[in-house]
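To find a chain, count down the sequence lines: A is the first, B the second, and so on, and within it residues start at 1.
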Amino acid sequence: MSAAPSWERVYAVVRRVPRGRVATYGQVARLAGLTNGARQAGYALHALRPHTAVPWYRIVNAAGRISLGDVAGAVTQRLLLEREGVPFDAAGRVDLARYQWKARPRRGA
DNA sequence: GCGGTGACGGTCG
DNA sequence: CCGACCGCCACCG
């Protein structure tokens, strides 16, 4: 099954990210079931359509930084996150230790 | 069908 | 702490 592209799987995970939280590409990739790792997750978001209802802006790299190459897009992403209550430090990084989304680990731990 | 590239990640210096 | 290099593998030309 899974006739649909793997990207749909990624979008589904991204949609699960709650407001005011962020997730890393690797995290999303793993939750999406991507064996290749984070790179494909980034590709999936790259292929994302602007009109798609997916909070792509909640996805940052493992360093808590915006990996987007497009400067305008990066600014937009940061703005949207700050708007949700996710602050950036002087280095333009998010405190993943506090704001990284904790995926529902089948029962808390 | 082959080669280069990339919304990354982890490790080394 | 930060910067640089290599590695993985799917997608595009």
Completion exercise
Applying the 3.5 Å cut-off to both distances, the Watson-Crick or G-U partner of C:dC8 turns out to be none
Practice task
Give the C-alpha distance, both sets of side-chain angles, the deciding distance and a yes or no for side chain to side chain contact (heavy atoms under 4.5 Å, CB included) between A:T24 and A:Q100.
Solution key: CA-CA 8 Å; A:T24 65; A:Q100 184 173 44; 3.1 Å; yes
Practice task
For residues A:W101 and A:A23, report the shortest heavy-atom separation together with the two atoms involved.
Solution key: CE3-CB, 4.2 Å
Practice task
Let me see the working for A:Y99 and A:L81 under side chain to side chain contact (heavy atoms under 4.5 Å, CB included), right down to the final yes or no.
Solution key: CA-CA 11 Å; A:Y99 293 96; A:L81 286 176; over 6 Å; no
Practice task
Taking only heavy atoms on the protein side, list every residue of residues 65-74 of chain A lying under 4.0 Å from any atom of DNA chain B, sorted numerically.
Solution key: A:S67, A:L68
Handout entry: Close side-chain approach of A:L31 to A:Q27, heavy-atom, < 4.5 Å
Key = yes
Where do N or O atoms of nucleotides 5-7 of chain C meet protein N or O atoms at under 3.5 Å, pair by pair?
residue	atom	partner	partner atom	Å
C:dG7	N1	A:R39	NH1	3.0

Handout entry: A:R39 side chain reached by A:Y25 side chain, heavy atoms, under 4.5 Å
Key = no
Problem - Result of checking A:R58, A:R78, A:R21 against A:E84 for salt bridge (charged side-chain N to carboxylate O under 4.0 Å, His left out) - result: A:R58
Fill in the blank from the handout: Separation of C:dC12 atom P from A:Q40 atom CD, nearest Å, is 9 Å
Practice task
Nearest whole angstrom, please: distance from the P of C:dA10 to the CZ of A:R9.
Solution key: 16 Å
Handout entry: Check: A:A103 main-chain N/O paired with A:R16 side-chain donor or acceptor under 3.5 Å
Key = no
Practice task
Quickly work out the A:E8 CD to C:dA10 P distance and round it to whole Å.
Solution key: 19 Å
Exercise for the section: Could you walk me through whether A:V28 and A:V10 pass side chain to side chain contact (heavy atoms under 4.5 Å, CB included), step by step? Expected result: CA-CA 7 Å; A:V28 173; A:V10 178; 3.6 Å; yes
Exercise for the section: Assign A:G26 to base, sugar-phosphate, or nothing according to its heavy-atom contacts below 4.0 angstrom with the strands shown. Expected result: sugar-phosphate
Problem - Close approaches to DNA chain B from residues 82-99 of chain A, in residue order (heavy atom, under 4.0 Å) - result: none
Handout entry: CZ (A:R15) with more than 12 external heavy atoms under 6.0 Å
Key = yes
Problem - Nearest non-hydrogen partners of A:Q77 and A:Y57, listed with the distance - result: NE2-O, 2.8 Å
Handout entry: A:L48 CG - B:dG6 P separation (whole Å)
Key = 19 Å
Exercise for the section: Could you please name the partner base of B:dG1, counting Watson-Crick and G-U wobble pairs only when both distances are under 3.5 Å? Expected result: none
Practice task
Whole angstrom is fine here: how far is it from NE2 in A:H46 over to C1' in C:dC9?
Solution key: 17 Å
Fill in the blank from the handout: Rounded to whole Å, the OH-P distance (A:Y43 to B:dG4) equals 15 Å
Practice task
Report the distance from atom OH of A:Y25 to atom C1' of B:dG9, rounded to the nearest whole Å.
Solution key: 13 Å
Practice task
Go through the steps for A:L45 and A:V14 under the test side chain to side chain contact (heavy atoms under 4.5 Å, CB included), then give the verdict.
Solution key: CA-CA 9 Å; A:L45 292 175; A:V14 177; 4.3 Å; yes
